[in-house]
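Order of appearance sets the numbers: ligands from 1, and atoms from 1 within every ligand. All residue numbers in this chain count up from 1 along the given sequence.
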Amino acid sequence: MQRIVVLAGGIGGARFLRGLKSAVPDAEITVIGNTGDDIHLFGLKVCPDLDTVMYTLGGGIHEEQGWGRAGESFAVKEELAAYGVGPEWFGLGDRDFATHIVRTQMLGAGYPLSAVTEALCRRWEPGVRLLPMSDDRVETHVMIDDPEGDGRKAVHFQEYWVRLRASTTAHAVVPVGAEQAKPAPGVLEAVAMADVILFPPSNPVVSVGTILSVPGVRDAVAAASAPVVGLSPIVGDAPVRGMADKVLEAVGVESTASAVALHYGSGLLDGWLVDTVDAGRVAEVEAAGIRCRAVPLMMTDVEATAAMAAEALALAAEVRA
Ligand code: FO1
């Protein structure tokens, strides 16, 4: 039984996991999920990346959006707006509200986020073990130019991502609380016991980067006996989806398939997959001591994604040899 650990963010990570499950249905997959995107709204704790993995693998996701539930209605959202209670820019649907109510109720009863996530997954049966990166609160904030003045101000990642559509320069990306956070139960053990560790095409800064910012996680991955293989979220010098280039700029990383690999570094990565359009970057990555292959990386459907996952596992086997 192959033990695979995946450090996953939201949409890209969840779509990759669907292909991975299809490629190796008998593998034991543990997902370490990013919680830096979490936001507290209307007295509820919302965990976008955990929910996207849970809904996508559990069959409840709104497919085109890659977040939120299929078949949603927005009566509660409309009623909140009627009371003038914001924010209106974050689209929470009625079905999705139930997830946040159950989660917040369980947290209030004293259950840690890891136990809450396990309980929610008992309904959705994602077919992977989904662990939050930490049970402690970590929330990513972005430093932007203050529109009201000539200074700068920090906004919650979701406000930067959803309300501002990443339309303004991100000067810094800060996972607030990360220094004091501890890896959730099972995270370090899963990394140590893994046969393969994968970095899916998630956002290398605000998703995989945030997971690695939890003290102990980066060192555990670097020290793991398992080969670590990543798949580039940048294809043809642009993010496939989302606005990863905006936050890559904040950390001084060029939006190229090779720059992201070098950003992770050979201390972490043993192998890296770039898309065939970026075949010209392979030499640069290999020169950094990271085995690199150019294969199709567009997750157009489950079959294509399963093929990518199989390529990543093949590269892991090659690196291990
Ligand atoms: N993304 C949007 O672009 N617009 C939204 O209104 C929105 C609402 C939302 C509600 C719940 C949830 O779990 C995710 C939601 N997202 C929305 C996506 C979210 O911003 C991203 O999934 C991650 O935070 C980035 O990966």
Next on the checklist: Test side chain to side chain donor-acceptor pair (under 3.5 Å) on T256 and D237; report intermediate values, then the result.
Outcome noted: CA-CA 4 Å; T256 69; D237 297 350; 5.2 Å; no
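- In terms of the ring-ring contact (aromatic ring centres under 6.0 Å, His included) criterion, residue partners of W124 (sequence neighbours excluded) are, by chain and number, Y55.
- The minimum heavy-atom distance between P201 and M299, with the atom names listed, is CG-CE, 3.7 Å.
- Between R69 and D96, no side-chain nitrogen of the basic residue sits less than 4.0 Å from a carboxylate oxygen of the acidic one, so the salt-bridge criterion is not met.
- For F157, the ring-ring contact (aromatic ring centres under 6.0 Å, His included) partners are W161, not counting sequence neighbours.
- For ligand 1, residues of the protein lying within 4.0 angstrom by heavy-atom distance are D37, P48, D49, W67, W89, F90, G91, L92, D96, F157, Q158, W161, V162, R165.
- In this structure F90 satisfies the ring-ring contact (aromatic ring centres under 6.0 Å, His included) test with no other residue, sequence neighbours excluded.
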